[in-house]
Amino acid sequence: MSGLGVLILHGLGGTPHSVLPITAAIHGAGYATVAPTLVGHGTSPTELEQRTWGDWLDSVNTVADELSKRCTGIVVIGQSMGGTLALQLAATRTDVRGVATINAPALPADPDSTEQLEYLIGRGRTMQPAGAADIRDPQAHDSAYPDLPLRSLLEMAAGAALVNALLPTLTMPVMVVSGDHDSVVDPTNSDAIAANVRGPVNRLRLANSAHVAALDLDRGQLCRALLTWLVDLTDQSATAV
């Protein structure tokens, strides 16, 4: 085994394309890097509808297990729901040396929003339009489902509430990133992560980016910041060994 391995997770309804600049930068720097397609993604919204928070968590744990066999420890980086999953992995595994979140949901859902989703499901509605990708760079393009299952939105909300309770158990270094123009996940979620974890926090606010920050105008700044943070983690890990 040698060095830290890096697991990079995309968000709900997305694909690894949404985190490609990060994956390319970290792989290019020589780290063992894996950016899986979350179960239920990359196929159809109907397939996603059948999956639960537990399914997503199990799938990333399986990938983390394989990566951990090749490395001295792992770092998990996640955008949007991928960041929420990253936090739960960090809270429940002993081989995670650091976790970075980018516009991750980590606050309990508004009860009115949850009630509305449950009402619509009860009336037989299954999907809602995902809308255009929340990216300010007019040249950027994301690859994601055009519709999102309402049940998947509820699953994500349940996962965020679960992770919110786990935040005080996190003692490893945490990098928390938010886009100032995010219209999907309120940046107060990132503030809550930074305020409630117990490990050292590196807080980064991207002045020109929206939700899909890895593809947005500040992507170069984001990648450089992550690489600097990883170098610090590598030094710390080597010292600990």
Side-chain angles (χ1 to χ4, degrees), residues 8-22 35-57 59-60 78-86 101-164 177-190 206 208-219:
I8 305 170
L9 305 175
H10 65 80
L12 180 66
T15 71
H17 172 81
S18 67
V19 291
L20 183 57
I22 295 173
T37 301
L38 298 178
V39 64
H41 293 74
T43 54
S44 71
T46 302
E47 169 66 17
L48 179 60
E49 186 180 22
Q50 310 306 313
R51 302 299 182 174
T52 66
W53 181 261
D55 292 334
W56 299 324
L57 187 64
S59 70
V60 295
Q79 182 167 259
S80 192
M81 186 185 76
T84 315
L85 287 164
T101 68
I102 306 162
N103 294 325
L107 290 173
D110 174 59
D112 290 340
S113 298
T114 299
E115 183 178 346
Q116 176 67 9
L117 287 173
E118 291 172 341
Y119 171 78
L120 292 172
I121 291 170
R123 299 277 292 183
R125 183 170 170 181
T126 60
M127 301 281 172
Q128 75 172 27
D134 192 34
I135 307 174
R136 300 184 76 220
D137 185 350
Q139 304 301 317
H141 171 72
D142 194 12
S143 174
Y145 287 147
D147 300 296
L148 288 175
L150 302 186
R151 291 191 183 278
S152 299
L153 294 171
L154 285 176
E155 288 292 326
M156 182 178 67
L162 176 62
V163 165
N164 182 264
V177 182
S178 60
D180 285 353
H181 299 274
D182 191 339
S183 63
V184 177
V185 174
D186 193 302
T188 56
N189 284 263
S190 292
L206 301 175
N208 303 299
S209 295
H211 185 65
V212 191
L215 298 178
D216 217 337
L217 294 167
D218 296 313
R219 58 187 176 272

Asp134 side chain to Ala210 backbone, donor-acceptor under 3.5 Å: no
Side-chain (Asp137) to main-chain (Leu217) donor-acceptor, under 3.5 angstrom: no
Nearest non-hydrogen partners of [X] and [Y], listed with the distance:
X      : Y      : result
Ala214 : Ser18  : CB-O, 3.3 Å
Pro149 : Pro45  : CG-O, 3.3 Å
Pro187 : Gly179 : CG-O, 3.8 Å

Got a second to check how far [X]'s [atom1] is from [Y]'s [atom2], nearest 0.5 Å?
X      : Y      : atom1 : atom2 : result
Glu115 : Asp110 : CD    : CG    : 10.0 Å
Leu38  : Leu85  : CG    : CG    : 6.5 Å
Ser152 : Asp147 : OG    : CG    : 11.5 Å
Asn189 : Leu107 : CG    : CG    : 4.0 Å
Leu150 : Gln116 : CG    : CD    : 9.5 Å
Met127 : Ile121 : CE    : CD1   : 10.5 Å

Taking side chain as C-beta onward, heavy atoms only, is [X] less than 4.5 Å from [Y]?
X      : Y      : result
Leu148 : Leu153 : yes
His181 : Asp216 : no
Leu215 : Pro21  : yes
Thr84  : Met156 : no
Leu12  : Leu48  : yes

For the residue pair His17 and His141, does the interplanar ring angle fall in the parallel (under 30°), tilted (30 to 60°) or perpendicular (over 60°) class? tilted
Is the shortest distance from a Lys or Arg side-chain nitrogen in Arg51 or Glu47 to a carboxylate oxygen in the other one below 4.0 Å? yes
So does Arg136 have more than 12 non-hydrogen atoms from other groups sitting under 6.0 Å from CZ? yes
Among Val185, Val177, Ile102, find the residue that satisfies the side-chain contact (heavy atoms from CB on, under 4.5 Å) test when tested with Gln79. Ile102
Worked check of side-chain contact (heavy atoms from CB on, under 4.5 Å) between Val19 and Leu9: CA-CA 8 Å; Val19 291; Leu9 305 175; over 6 Å; no
Go through the side-chain N and O atoms of Thr15 and Tyr145 and say whether any donor and acceptor fall under 3.5 Å apart. no
